[in-house]
Student: 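Pasting a structure below so you can have a look.
Numbered from 1 within each chain, the chains take letters A, B, ... in sequence-line order.
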Number of protein chains: 2
Amino acid sequence: MKRITIKDLSKFLSLSTSTISRALLNDKNVNLETRKRVLDAADQLGYKPNLTALNLKSGQSKTIGIVVPEMITPFSAKVLEGIQNALYPLGYRLVITQSDENPVIERKNLQLLEDFNVDGIIINLCHETYNNDLYQQIMDQGTPLVFFDRIPGKSLDVSKVIVDDSINSSLMVEYLIKTGRKRIAHIMGPQTIRNAVERANGYKRIMTKYNIFDENLIISTEGMSFGHGKEAVQQLLEREVKFDSIFAFSDTLAIGAMNFLLENNIKIPGDVAVASFSGTELSSIVYPQLTSVQQPLKSMGEAAAGLMLEKIKDSSAPNRTVLMDAELVYRASTL
Amino acid sequence: MKRITIKDLSKFLSLSTSTISRALLNDKNVNLETRKRVLDAADQLGYKPNLTALNLKSGQSKTIGIVVPEMITPFSAKVLEGIQNALYPLGYRLVITQSDENPVIERKNLQLLEDFNVDGIIINLCHETYNNDLYQQIMDQGTPLVFFDRIPGKSLDVSKVIVDDSINSSLMVEYLIKTGRKRIAHIMGPQTIRNAVERANGYKRIMTKYNIFDENLIISTEGMSFGHGKEAVQQLLEREVKFDSIFAFSDTLAIGAMNFLLENNIKIPGDVAVASFSGTELSSIVYPQLTSVQQPLKSMGEAAAGLMLEKIKDSSAPNRTVLMDAELVYRASTL
DNA sequence: GTGAAAGCGCTAACAC
DNA sequence: GTGTTAGCGCTTTCAC
């Protein structure tokens with residue numbers, strides 16, 4: 001099944017390849033008649049441009065690398081959908097890698113992507129700081145890097161797509177307070193994740209404002225899995241910390257926590273209300289449905305793709321930060 | 001940040017590009033000394049092969065298209081992980097598309113993939129039959145097509161990776177029977193999905209064998225979402241069909257069903273046991289954890305990639321069916 | 001053991 | 001308005 005090339009069309013129509021090319025590209029310097037003949041023949045013979053040849057010509061690989069911490073929750077999938085929506089129509093392909101919340105794997109992934117000659121990398125960090133050297137090196141080499149959700153520390157000037165972690169956390173905690181909860185525990189995730197610290201800050205600020213802050217209510221976890229969420233609650237109980245609600249760093253941690261509560265016959269939200277930050281479909285899949293700060297994941301993906309395209313078009317484009325609005329969605333777990 | 005090419009090395013070492021190329025490829029016809037010089041220089045200058053050029057030369061796009069019905073559950077993500085494990089080391093990139101359980105979108109996706117000049121397509125169907133013409137056409141054009149999980153009807157001879165839907169369903173239903181359940185409802189999913197019919201067959205066979213088959217216990221759904229699972233149970237209740245357990249076509253339908261039960265204060269598994277078929281992480285995320293037929297998703301992805309590589313290497317390779325073992329995992333929802 | 005040259009499919013100066 | 005030519009980065013005959 002040999003593919004039809006411009007050469008084939010050229011022979012078929014007894015025209016030079018350049019004329020064919022021009023006709024196909026809607027170049028003005030082509031007789032209307034000729035263009036029509038070319039287009040018809042292309043259609044008839046089933047001509048399709050060879051993207052590889054185009055890429056070689058343009059010096060691009062038309063491949064974007066993606067690094068995400070995990071793909072178990074629909075978080076990354078949703079963002080990817082946005083990225084794909086933006087990039088597929090432009091002929092970009094993807095190499096999607098997962099770091100499994102492990103900086104070492106993240107490093108390997110980035111190196112893999114370099115081997116792929118990617119035109120750029122869109123990344124959601126697993127932990128801050130560990131690989132800052134590599135991020136910088138990649139950018140220095142001229143490969144655009146765009147961050148979303150979990151971003152590196154302020155020491156690195158980068159393009160990024162985020163929501164305001166601190167403010168949205170404050171809003172969610174304030175909502176819990178307004179519903180009458182006073183002992184709000186916070187499962188904050190690993191302290192090496194920048195957003196975890198930000199969200200904890202938002203939590204602290206509002207708890208302090210209402211004069212109900214208690215250091216003991218905060219518990220950080222080693223990792224981001226459901227198991228870590230469970231453990232966190234278990235620890236709170238073991239330490240005999242009293243709490244009437246939980247605000248968790250992520251859907252995953254929250255659901256882990258919920259499961260532990262349910263296993264121990266603690267009613268949600270009767271005994272303990274639960275709220276989280278993420279906004280994945282998981283929050284409406286579990287029972288009771290989970291109140292959560294909903295991030296506009298698909299739009300975030302589209303925005304990240306947009307920043308990437310900017311950088312690809314003009315490598316000297318300034319780094320930009322896109323701050324997206326999140327939405328508090330109230331569900332059964334707090335009502 | 002100009003990339004180093006073979007030409008650069010050639011100038012740098014005053015050697016012809018062909019010698020550089022040979023040295024890099026470990027061709028025997030190169031002086032050992034020369035090879036070492038080349039390798040050193042390549043390392044020093046940071047040479048990396050241009051994959052696009054390689055691809056143009058070899059006539060491949062080194063891109064594999066993927067079509068999956070959805071990415072909300074971790075099902076596809078797991079399979080993808082297997083595919084990626086197998087294909088990334090070989091330099092393949094992916095274009096992953098979602099059909100949203102919609103044959104029309106599936107069609108568009110396939111056409112998009114053709115435009116990408118993919119070397120092959122790995123696909124998990126949304127509904128059988130609708131696009132058989134297109135599958136055939138794609139294969140006729142010489143683009144290898146490998147199916148997994150949801151496959152087309154027998155009329156199409158294709159390479160595929162599956163588990164035995166019928167037998168595993170029988171086993172799961174028999175397990176429910178052995179735990180004392182007699183009124184086992186089956187939420188079977190849309191009848192246009194081949195696997196749904198297969199799994200229903202497995203269900204029927206074993207129910208009949210034990211003389212407890214009742215047509216009323218089977219309910220098919222319009223779609224595959226959580227909502228459809230809910231609706232199914234609701235209908236069973238409305239029809240006043242008595243049941244002490246549910247066997248669902250997928251985790252998603254099962255979880256939707258579970259949520260409806262819980263919302264109506266029906267105890268799981270006390271009043272109604274629930275089991276499903278899929279084997280995604282979702283089954284251990286929900287509460288109570290869900291008994292399920294666990295498919296070896298990652299391995300299935302690897303197998304599919306393997307079949308694809310076979311076809312790419314030798315387009316006349318015969319179609320093969322890889323039948324994988326599934327595992328029944330018993331969790332709280334049936335204990 | 002090494003070099004020169006052609007060619008993968010396409011576009012874009014540069015002619016005419 | 002159309003054709004000729006060179007070249008993107010690489011491999012691979014074909015010479016020597």
Student: Let me see the working for B:D140 and B:I138 under side-chain contact (heavy atoms from CB on, under 4.5 Å), right down to the final yes or no.
Tutor: CA-CA 5 Å; B:D140 287 348; B:I138 288 172; over 6 Å; no
Student: Heavy atom of residues 16-31 of chain A under 4.0 Å from DNA chain C: which residues?
Tutor: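 The stretch gives A:S18, A:S21, A:R22, A:L25 as the residues lying under 4.0 Å from the strand, ordered by number.
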Student: Regarding B:K160 and the six-membered ring of B:F147, is the cationic atom NZ or CZ under 6.0 Å from the ring centre and inside 45° of its axis?
Tutor: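 Negative - B:K160 is either too far from the ring of B:F147 or too far off its axis.
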Student: Considering every strand and a 4.0 Å limit on heavy-atom distances, what is the contact class for B:T34: base, sugar-phosphate, or nothing?
Tutor: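 Counting heavy atoms under 4.0 Å across all strands, the contact made by B:T34 is with sugar-phosphate only.
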Student: Could you state the atom-to-atom distance from CD of B:E33 to P of C:dG1 in whole Å?
Tutor: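 These atoms are roughly 13 Å apart.
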Student: Does a side-chain N-to-carboxylate-O contact under 4.0 Å join B:R107 and B:D133?
Tutor: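 A salt bridge links B:R107 with B:D133.
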Student: What integer distance in Å separates B:L9:CG from D:dT11:C1'?
Tutor: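 Distance, rounded to whole Å: 15 Å.
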Student: Within the 3.5 Å criterion, strictly below it, is a donor on B:T19 or B:S16 matched to an acceptor on the partner's side chain?
Tutor: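 Their side chains do contain a donor-acceptor pair, which is all the 3.5 Å distance test asks for.
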Student: Please state how far atom NZ in A:K7 lies from atom C1' in C:dT11, giving the value in whole angstrom units.
Tutor: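 Whole-Å distance recorded here is 14 Å.
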Student: Using a 4.0 Å heavy-atom cut-off across all strands, classify B:L56 as base, sugar-phosphate, or nothing.
Tutor: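 Counting heavy atoms under 4.0 Å across all strands, the contact made by B:L56 includes a base.
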Student: Please state how far atom CD in A:Q60 lies from atom P in D:dG9, giving the value in whole angstrom units.
Tutor: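 Answer to the nearest Å: 13 Å.
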Student: Given atom CG of A:N55 and atom P of C:dT11, what is their separation to the nearest angstrom?
Tutor: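 Spelled out: CG on A:N55 to P on C:dT11 is 11 Å.
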Student: Measure from OH on A:Y47 to P on C:dG9 and round the result to the nearest Å.
Tutor: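 Atom-to-atom, A:Y47 to C:dG9, this comes out as 10 Å.
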Student: Kindly give the heavy-atom pair with the smallest separation between B:S10 and B:L15, and that separation in Å.
Tutor: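 Reported closest heavy-atom pair: OG-O, 2.8 Å.
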Student: State, without any angle test, whether A:T63 and B:R93 hold a side-chain donor-acceptor pair at a distance under 3.5 Å.
Tutor: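 Yes, a side-chain donor-acceptor pair sits under 3.5 Å.
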Student: What integer distance in Å separates B:N50:CG from D:dG7:P?
Tutor: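 Interatomic distance, CG of B:N50 to P of D:dG7: 18 Å.
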Student: Whole angstrom is fine here: how far is it from CG in B:D8 over to C1' in D:dC8?
Tutor: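 Going from B:D8 (CG) to D:dC8 (C1'), I get 13 Å.
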Student: Does a side-chain N or O from B:K48 land closer than 4.0 Å to OP1 or OP2 of D:dG9, or not?
Tutor: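 No, B:K48 has no side-chain N/O under 4.0 Å of OP1/OP2 on D:dG9.
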Student: Any side-chain heavy atom of A:F116 sitting closer than 4.5 Å to one from B:L51?
Tutor: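 Yes, close enough: below the 4.5 Å cut-off.
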